[in-house]
Amino acid sequence: MNAHVPTMPVYEGCTPYYADREVMNINQGYGISVSCKNPDIVVSFLNTMMSEEWQKLFNWGIEGEDYYVDENGRFYRTPEQREQQNDLVWRNKNKLEALYDNMPKIQGTYSDGNADSPGNQPEEFFDSLSDYDKNFLTSYGKKTWREFLNQPPENPIYYPCWNITLPEDAQVVSQQLTDLALQYLPKIIMADPSEFETLWAQYVSEINKVDVKVYEDAINAGIQERIKNWGN
């Protein structure tokens, strides 16, 4: 399957903002129960798993078996190693994916400049593509699909708003808006063009019955809290 190539359409006079910087996931994490007999050991274990040595083992594997290092210090895999990594039986025997997927992890690059995982290593990603996709990217002087997008600007201190913790009343409103979107947007998208205005007016009318201000106020309060506390 070939990937979709972004073209970044924007209104006249606007700057494309299709790519953004990675953000910290603050909506999940680990907790240590009060009944834990050795909390220091638990924290020490997590710290060890977060070390570059273990992160490389989780993501790349064992050097010389699961990947190689070229003369420039860059990690890469052979076609045979890539095929092995896609084998579900091999992964079940050799990888702790259930553990790693839920653990804190390094994202971006290691201190030696290699990407956190093979899929994020531009050269390795390119070499894993089909010949068609390789030729397509090469013709545009690219190595990844991301290179077709804008360079991500710095995120505002409060960004992103979608992970602001909402009080219960705002959660109710958010769910109401989501339910309306699921109810109306598929019908609007698939409807005959002659029905668009009627269906859209119905959708807007239902939204106006929801106390959207409760949600807006909660988001704005979260933004102000982050500006106050995260800016230092």
Side-chain angles (χ1 to χ4, degrees), residues 1 3-34 42 46 49-50 97-108 116-117 119-120 145-146 148-232:
M1 181 185 295
H4 297 284
V5 179
T7 56
M8 296 198 301
V10 293
Y11 291 110
E12 185 176 353
C14 294
T15 301
Y17 195 167
Y18 281 80
D20 56 6
R21 294 181 183 273
E22 298 289 346
V23 297
M24 183 181 297
N25 186 343
I26 61 173
N27 288 341
Q28 68 179 51
Y30 277 87
I32 301 176
S33 68
V34 294
V42 176
L46 291 174
M49 294 297 99
M50 278 291 290
E97 291 182 329
L99 171 66
Y100 179 73
D101 286 349
N102 289 285
M103 286 180 57
K105 54 184 64 71
I106 293 175
Q107 292 181 305
D116 61 278
S117 60
N120 291 327
W145 307 115
R146 178 69 176 262
F148 284 93
L149 297 174
N150 60 278
Q151 285 296 316
E154 290 290 340
N155 292 331
I157 191 66
Y158 53 81
Y159 182 88
C161 295
W162 55 258
N163 65 3
I164 290 175
T165 301
L166 299 173
E168 186 174 351
D169 56 350
Q171 291 181 33
V172 171
V173 173
S174 177
Q175 187 60 53
Q176 290 174 325
L177 293 173
T178 298
D179 292 344
L180 287 173
L182 292 174
Q183 177 183 350
Y184 278 94
L185 291 182
K187 292 192 295 186
I188 292 171
I189 292 169
M190 295 185 292
D192 186 274
S194 63
E195 301 177 311
F196 174 83
E197 294 297 341
T198 299
L199 289 172
W200 184 259
Q202 292 175 5
Y203 180 38
V204 172
S205 176
E206 292 299 316
I207 290 176
N208 288 334
K209 296 176 184 178
V210 178
D211 193 355
V212 178
K213 192 173 188 304
V214 170
Y215 177 78
E216 292 176 339
D217 288 346
I219 291 294
N220 284 325
I223 290 174
Q224 294 306 315
E225 180 182 10
R226 290 182 176 185
I227 291 174
K228 178 182 178 180
N229 298 317
W230 291 13
N232 298 325

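A quick note: this is a predicted structure, and the numbers were derived from the prediction, not measured. Residue numbers start at 1 and run along the sequence shown.
Put simply, the side chain of M49 does not reach to within 4.5 Å of the side chain of Y100, judged on heavy atoms. When side chains are defined from C-beta on, T15 does not count as touching V10, because their heavy atoms never get closer than 4.5 Å. Between L149 and M8 the shortest side-chain heavy-atom distance falls below 4.5 Å.
Heavy atoms only, all atoms of each residue included: V212 and I207 are closest at CG2-O, 3.9 Å. Closest approach of Y18 and P9 over heavy atoms only: OH-O, 2.5 Å. Among all heavy-atom pairs drawn from P152 and R21, the shortest one is O-NH2, 3.2 Å. Across every non-hydrogen atom of L166 and A218, the tightest pair is CD2-CB, 4.0 Å. For the pair A191 and L199, the tightest heavy-atom approach, listed with the atom from each and the gap, is CB-CD1, 3.5 Å. For the pair M103 and Y30, the tightest heavy-atom approach, listed with the atom from each and the gap, is CG-OH, 3.5 Å.
Note: Y203 and W200 have perpendicular aromatic rings, judged against thresholds of 30 and 60 degrees for the angle between ring planes.
We find the CD-CG distance between E22 and D116 to be 8.5 Å, quoted to the nearest 0.5 Å. Note that the CG atom of D217 and the OH atom of Y215 stand 12.0 Å from one another [nearest 0.5 Å].
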- prompt: How far apart are the C-alpha atoms of K213 and E216, what are their side-chain angles, what is the distance that settles it, and do they pass the salt bridge (Lys or Arg N to Asp or Glu O under 4.0 Å) test?
  reply: CA-CA 5 Å; K213 192 173 188 304; E216 292 176 339; over 6 Å; no

- [ ] Please lay out, stage by stage, how L185 and L180 fare under the test side-chain contact (heavy atoms from CB on, under 4.5 Å).
- [x] CA-CA 8 Å; L185 291 182; L180 287 173; over 6 Å; no

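Side-chain N or O atoms of K105 include one that pairs as donor or acceptor with a backbone N or O of D101 at under 3.5 Å. Using a distance-only test at 3.5 Å, with no hydrogens or angles considered, a donor-acceptor pair links the side chain of T178 to the main chain of S174. Using a distance-only test at 3.5 Å, with no hydrogens or angles considered, no donor-acceptor pair links the side chain of Y184 to the main chain of V204.
The residue from Q175, Q176, Q183 that alone fulfils the side chain to side chain donor-acceptor pair (under 3.5 Å) condition with D179 is Q175.
The pair E225-K228 does not meet the salt-bridge criterion, since no charged nitrogen lies less than 4.0 angstrom from a carboxylate oxygen.
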